[in-house]
Undergrad: 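Would you mind keeping the following structure in view while I ask a few things?
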Amino acid sequence: MAVQLDTLISLCKRRGFIFQSSEIYGGMAACYDYGPLGVELKRNVRNAWWRAMVQERADVEGIECSILMHPDVWRTSGHVENFTDPLVDCKSCRGRFRADHVANYRARYRVSENGGTREEELGPEIPSKVFRDAQKIDFLGSPTHCPTCGNAELTAPRLFNLLFKTNVGPIEDASSVVFMRPETAQGMFVNFENVRGTMRRKLPFGIAQIGRSFRNEITTKAFIFRTLEFEQMEMEFFCKPGTDEEWYRHWVAERFNWYLRYGIRRENLRLRQHDKDELAHYSRMCHDVEYNFPMGWGELEGIAHRGDYDLSAHMKATGKDLQYFDPETNTKYTPYVIEPAAGVDRTVMTFLIDAYAEETVLDRPRTVLRLHPALAPIKVAVLPLLKKRGEIVEICQRLVTAFKQHWPAVYDDTAAIGKLYRRQDEVGTPYCVTVDVDSLEDGKATVRERDTMEQERIELDRLEEYLTERIVLAPPKVEERVEV
RNA sequence: GCGCGUGUAGCACAAUGGUUAGUGCUUCGGCCUUCCAAGCCGAAGAUACGGGUUCGAUUCCCGUCACGCGCUCCA
């Protein structure tokens, strides 16, 4: 039985993982802040991805691009053109229509630009230039009758576009409109030649990036599953046409197995291949990695075969040559691209849900996050069994100072030992080190493991080595690997 | 974006058109205890925001915001 979302949200807030954004002002819809523990968990997720996708591989380079890019990038990619149609909703039958599909509709727009205002009859289709240049488009005309139910219950037309716009420069002049990137991928495409050239790369190779993206979604959903501002982990893998299907299968398997490696239960994961009519315009094939969330199956990551769509589009738009010269065959071609694209926030949420467990220990409830040690926000807690004994506290302080050189570590003496253990269980701390009176005699401390609650006496000067073996070198939680 | 529902302390809940809004957990201080949420004493802490009805609103009404569920949408 999976944890209820409410329960998880409550724990996230109570223990400093995730807060509602701008909470004291009443909240900001679909925006969330990561608290002290959440920020550690999230960074660990990023690092785990980067480790698997860049550090451990010989064929992928990293990059970090600016969120603001030349506006033409998004025209070339198709993001500006799509979803710029004005849409109307029928309040009666709840249908939604493109305004220009509703009969007898002629719209007028008030366009503010260059400090002045002019009114134009532009018709239902808004040219992208107007959309780009206009600070504000007012709909002065409006359709009235719903084509489905015939009732005069249509809302005023509204522009529907997922791109966030903002202005460069302090004056809101029309010429300064730019977009907040809706995906990180375009940064890799426009830097393809920079990375290939400076890193002296031959095909195949990939460019990976982790960063924020922004989508002005109509509908938000389920906690941090869909937010307006979110973080992506994307990699564009450039390869020779003809080898693309093999690489596609490689990356689908590789990405699915990554989730197993960090402990997501096999039965809560599935691969789903997109039907042909479901594919995006640039996409030839696509598999989603899906997780069985409390609210149903949801997409964690998409592995898409983008063909040569993006590089070709950028070549056409800029006139630059982004083809690859293959020295072995002495030919030029446009690389094909395989793109695994994952959401950091969704992945964080998934790890939290999958790790959450409630048990009964000695007739007492225990809540525990069974996070992989590499992901746990706090790696080790140092606890004194007797806080009144100065020698014991002294040893604890010495240990925690030493541990902090390697990992996030905490010291806590504000409750009885049982409660201290439960506190750490609830935030997923994999190991607790407890110093007691015997420690003063035998030079050992008790190491208590989170999942089994088993204890082991370890020499004080062996603790760092002991914990390193279990935290840094922690094996995959799920050994099973999937072939595609 | 539509419909339905919800909003009381950090968390989970209770109560009420009228005295000081109650309980558990949590947190903090103290005593005691010392290897799995023990006990005792004490403390801090709330009616989402705005308006209306009323002598009086946390309670009734309206709006806003946020969250949940369903639909819709979705690169």
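Reckoned from all heavy atoms, side chains included, excluding hydrogens, waters and symmetry mates. Just so we're clear, the structure is a prediction, and the values are computed from it rather than from any experiment. Here is how names work: the chains are called A, B, and so on, in the same order as the sequence lines, proteins then strands, and each is numbered from 1.
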Undergrad: If only side-chain N and O atoms of A:Lys387 are considered, is one of them under 4.0 Å from the OP1 or OP2 phosphate oxygen of B:U34?
TA: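 Result: no.
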
Undergrad: As a test of reading the structure: which of B:A37, B:C35, B:U34 is closest to the side chain of A:Asp436, going by heavy atoms?
TA: B:C35

Undergrad: Taking the P atom in each of B:G22 and B:A44, what is the distance between them to the nearest angstrom?
TA: 13 Å

Undergrad: Expressed in whole Å, how much space separates the C1' atoms belonging to B:G18 and B:C32?
TA: 45 Å

Undergrad: Which nucleotide in the set B:C28, B:C35, B:G10 lies at the smallest distance from any side-chain heavy atom of A:Arg423?
TA: B:C28

Undergrad: Donor-acceptor check, side chain of A:Gln20 to backbone of A:Met28, threshold 3.5 angstrom: yes or no?
TA: yes

Undergrad: Nearest to the side chain of A:Ala416, heavy atoms from C-beta on, is which of B:C28, B:A37, B:A38?
TA: B:A38

Undergrad: Return the nearest nucleotide to the side chain of A:Gln20; candidates are B:C36, B:C28, B:A66.
TA: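 Shortest atom-to-atom distance from the side chain points to B:A66.
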
Undergrad: Strictly below 4.0 Å: does A:Gln455 bring a side-chain N or O up to OP1 or OP2 of B:C36?
TA: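 Answer no for this pair, as no side-chain N or O of A:Gln455 is under 4.0 Å from OP1 or OP2.
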
Undergrad: What is the distance from CZ of A:Arg422 to C1' of B:C35, rounded to the nearest Å?
TA: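 From A:Arg422 CZ to B:C35 C1': 11 Å.
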
Undergrad: What do the steps show when you test A:Glu449 against A:Arg470 for salt bridge (charged side-chain N to carboxylate O under 4.0 Å, His left out), and what is the final call?
TA: CA-CA 10 Å; A:Glu449 200 272 333; A:Arg470 286 157 179 78; over 6 Å; no

Undergrad: Please report the distance separating the C1' of B:G3 from the corresponding atom of B:A43, rounded so that it comes out in whole Å.
TA: 47 Å

Undergrad: Touch check for A:Tyr25, heavy atoms < 4.0 angstrom, all strands: base, sugar-phosphate only, or nothing?
TA: nothing

Undergrad: Taking A:Arg450 for the side chain and A:Pro373 for the main chain, is one N or O donor matched with an acceptor at less than 3.5 Å?
TA: no

Undergrad: Ignoring the backbone of A:Met295, work out which of B:C36, B:U34, B:C69 is nearest its side chain.
TA: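 Minimum distance to the A:Met295 side chain belongs to B:C69.
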
Undergrad: Do the ring planes of A:Tyr248 and A:His287 sit parallel (below 30°), tilted (30 to 60°) or perpendicular (above 60°)?
TA: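 Because their plane-to-plane angle lies in the 30° to 60° range, the rings of A:Tyr248 and A:His287 count as tilted.
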
Undergrad: Taking OP1 and OP2 of B:C25, is either one under 4.0 Å from a side-chain nitrogen or oxygen of A:Arg14?
TA: no

Undergrad: Taking B:A57 as the reference, what is the distance to B:C71 when you measure between their P atoms (whole Å, please)?
TA: 42 Å

Undergrad: Please measure how far the P atom in B:C4 lies from the corresponding atom in B:C61, and state the result in whole Å.
TA: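 Roughly 15 Å separates the two P atoms.
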
Undergrad: Using the P atom in both, what is the distance from B:A14 to B:U6, to the nearest Å?
TA: 13 Å

Undergrad: Just checking, any donor-acceptor pair under 3.5 angstrom between side chains of A:Arg389 and A:Ser439?
TA: no

Undergrad: Taking B:C35 as the reference, what is the distance to B:G42 when you measure between their C1' atoms (whole Å, please)?
TA: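 Approximately 28 Å lies between the C1' atom of B:G42 and that of B:C35.
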
Undergrad: Can you tell me, in whole Å, how much space there is between the P of B:C25 and that of B:G39?
TA: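 It comes out at 8 Å once rounded to the nearest Å.
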
Undergrad: If you only use heavy atoms from C-beta on, which nucleotide in B:A38, B:C35, B:A66 is closest to the side chain of A:Arg364?
TA: B:A38

Undergrad: Can you identify which nucleotide, out of B:C69, B:C36, B:G10, has its nearest atom closest to the A:Tyr421 side chain?
TA: B:C36

Undergrad: Now, which nucleotide makes the Watson-Crick or G-U wobble pair with B:C65, with each of the two distances under 3.5 Å?
TA: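 B:G7 - that is the nucleotide pairing with B:C65, both distances being under 3.5 Å.
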
Undergrad: Which nucleotide in the list B:A38, B:C36, B:A12 gets nearest to the side chain of A:Lys419?
TA: B:A38

Undergrad: Quick one: A:Asp33 CG to B:C67 P, roughly how many Å, whole number?
TA: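 Taking CG of A:Asp33 and P of B:C67, I get 12 Å after rounding.
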
Undergrad: From the options B:C69, B:C36, B:C11, select the nucleotide whose nearest atom is closest to the side chain of A:Ser10.
TA: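 Closest nucleotide among those given: B:C11.
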
Undergrad: Would you say the side-chain atoms of A:Gln186 and A:Ser77 include a donor-acceptor pair closer than 3.5 Å?
TA: no

Undergrad: Can you tell me which nucleotide in B:C28, B:C73, B:C11 comes closest to the side chain of A:Arg226?
TA: B:C73

Undergrad: Between the side chain of A:Arg226 and the main-chain N/O of A:Ala222, is any donor-acceptor distance below 3.5 Å?
TA: no

Undergrad: Quiz question: going by heavy-atom distance under 3.5 Å, is there a donor-acceptor pair between the base of B:C36 and the side chain of A:Arg448?
TA: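 It does, because a donor-acceptor pair links the side chain of A:Arg448 to the base of B:C36 below 3.5 Å.
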
Undergrad: Find the partner of B:C40: check Watson-Crick (N1-N3 plus N6-O4 or O6-N4) and G-U wobble (N1-O2, O6-N3) distances, both under 3.5 Å, and reply none if neither fits.
TA: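 Result: B:G30.
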
Undergrad: For A:Val435 and for A:Lys13, find the nucleotide of RNA chain B with the closest heavy atom, then tell me which residue's nucleotide is more 5'.
TA: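 By nearest-heavy-atom nucleotide position, the 5'-most residue is A:Lys13.
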
